[in-house]
Number of protein chains: 2
Amino acid sequence: MPDRCVSKQTLQRLPAYLNYLRSPGGKTGKNVSATSIAEALGLNDVVVRKDLASVSSKGRPKVGYARAELIRELESFLGYDNSQDAILVGAGKLGQALLAYSGFPQYGLNILAGFDADPSLAGREVAGKKILPMDKLPDLCRRVGVHIGIITVPGGQAQAVCDQLIDSGVLAVWNFANAHLQVPRGILVQNENMAVSLALLSNHLRERFSTKGGA
Amino acid sequence: MPDRCVSKQTLQRLPAYLNYLRSPGGKTGKNVSATSIAEALGLNDVVVRKDLASVSSKGRPKVGYARAELIRELESFLGYDNSQDAILVGAGKLGQALLAYSGFPQYGLNILAGFDADPSLAGREVAGKKILPMDKLPDLCRRVGVHIGIITVPGGQAQAVCDQLIDSGVLAVWNFANAHLQVPRGILVQNENMAVSLALLSNHLRERFSTKGGA
DNA sequence: TAGATTGTTAATCGATTAACAATC
DNA sequence: TAGATTGTTAATCGATTAACAATC
């Protein structure tokens, strides 16, 4: 069995491999080599080979990997074939967009419901998903065994919501709020931080212009 | 003047420092030390000190940094005080949510308009922002000098949209589509890839349960 | 002064890359 | 067989951490 413990870097590249293998744009033979994936994605081929080795052990010299099987192995490794239940807190614009996004099941995420502190939102539905009042949260989480919580509240409320989620049994938090969340050991916070992305974009533009102007 | 060329890792941490300094939760003295920031965010203090040194040179032994000035320096370094124009392509659910998001100006991003290939969307407004047909894109970008393009179309269309953006003068692409984009040298693609985040969440849960079950 | 804090220089760690042996 | 491709072992690179000197 391949090693289940991979580096964060590897884990971040695996979805790109899967995406490439699924895309109709790529080469369409029965087999696919790490080398060709590397070339298509602009990566070093040894990196790809090492990454694939942690997901599959079916690579054959000269032949490569069986495309269909590698896809299945990646999907399984990434948990796409084993859906996890999640709940979302904060049914504002972003929260509703996520509730309505139909692509998550494909990635093994099943959002059961949204929660919001605003009582006027309670009872509404977004894309067939109920928005419930906050006091229903602990019960639902514990009863169903929800382990993933999605935070889409304003930054100031994020920590309180996070604490509540963890109290209710959540083990992994997907945080869209611009806040640093304090959590106990063993709980994962995955920040989807737009401010970080924007900083990288802005820095790229500044560097480009300063280079052009300077040299 | 502090060094303008910082590592990607540093750049990713700077917004967290700024966020912490702005937050009312933190200590509220006139001065703030790298050590205290490090402690609050769970980072090594030398990392924070090195990061801050690339943004400011006003740190004083025993005293630390003047909070207000450090905030200004971070904002300036991150480009929050120097807004960049952007356009968005793909006015579906996610696209509309981003168009409507009122927090971007705070981060120096100003979305001028949305574009969509669907003619039935053209002419609509979302939060005061026009949705325009695709054929208006090149002209607007060039006329205004837009350098940032946001892609929120389905994966299959992302590369074509990306090419069009670059043709129209865009230098940095913020890609929300699940697709690997091929771009010429000098163009930045910043992927906001939900699949990657979900992979990290899913992996955490798997590891937690396998550890619990195994040992 | 004494001690907290800064900034720097050296050591450690981990990831990437390069070189190579194994194999279909 | 020959050559493409895999997987592994060693070398390189960069980031983090540790140790230390400087200073208000």
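Below, chain A is the first sequence line, B the second, and so on; all start at residue 1.
Where DNA chain D pairs in unbroken runs of 3 or more (Watson-Crick or G-U, both distances under 3.5 Å), the stems are C:3-24 with D:3-24.
If you measure from atom NZ of B:K8 to atom P of C:dT16, you get 12 Å, rounded to the nearest angstrom. As a whole-Å value, the separation of B:N44 CG from D:dA18 C1' is 9 Å. Atom pair B:R13:CZ and D:dT17:C1' shows a separation of 12 Å (rounding to whole Å applied). Between A:Q9 atom CD and D:dT16 atom P there is a gap of 11 Å when expressed in whole angstrom units.
For the pair A:R206 and B:F77, the cation-pi test (distance below 6.0 Å, angle within 45°) is passed.
Counting heavy atoms from C-beta on, the side chains of B:V173 and B:L188 never come closer than 4.5 Å.
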Between N or O atoms, less than 3.5 Å apart, protein on one side and nucleotides 1-8 of chain C on the other: list the pairs.
unit_1	atom_1	unit_2	atom_2	d
C:dT5	O4'	B:K62	N	3.3
C:dT6	OP1	B:A34	N	2.8
C:dT6	OP2	B:T35	OG1	3.3
C:dT6	OP2	B:R49	NE	2.9
C:dT6	OP2	B:R49	NH2	3.3
C:dG7	OP2	B:Y65	OH	2.8

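In the displayed structure, B:R60 atom CZ is contacted under 6.0 Å by at most 12 heavy atoms of other residues, nucleotides or ligands.
The aromatic rings of B:W174 and B:F176 sit tilted, their planes meeting at an angle between 30° and 60°.
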Report the C-alpha distance between B:Y101 and B:F104 in whole Å, list the side-chain angles of each, state the deciding distance to 0.1 Å, and finish with yes or no for ring-ring contact (aromatic ring centres under 6.0 Å, His included). CA-CA 7 Å; B:Y101 181 54; B:F104 285 136; 4.8 Å; yes
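Ion pairing of B:K30 with B:E69 is absent here, as no side-chain N (NZ or NE/NH1/NH2) approaches a carboxylate O to less than 4.0 Å.
Closest heavy-atom contact between B:T35 and B:D45: CA-CB, 4.2 Å.
With rounding to the nearest 0.5 Å, the separation of CD1 in B:I71 from OG in B:S56 is 12.0 Å.
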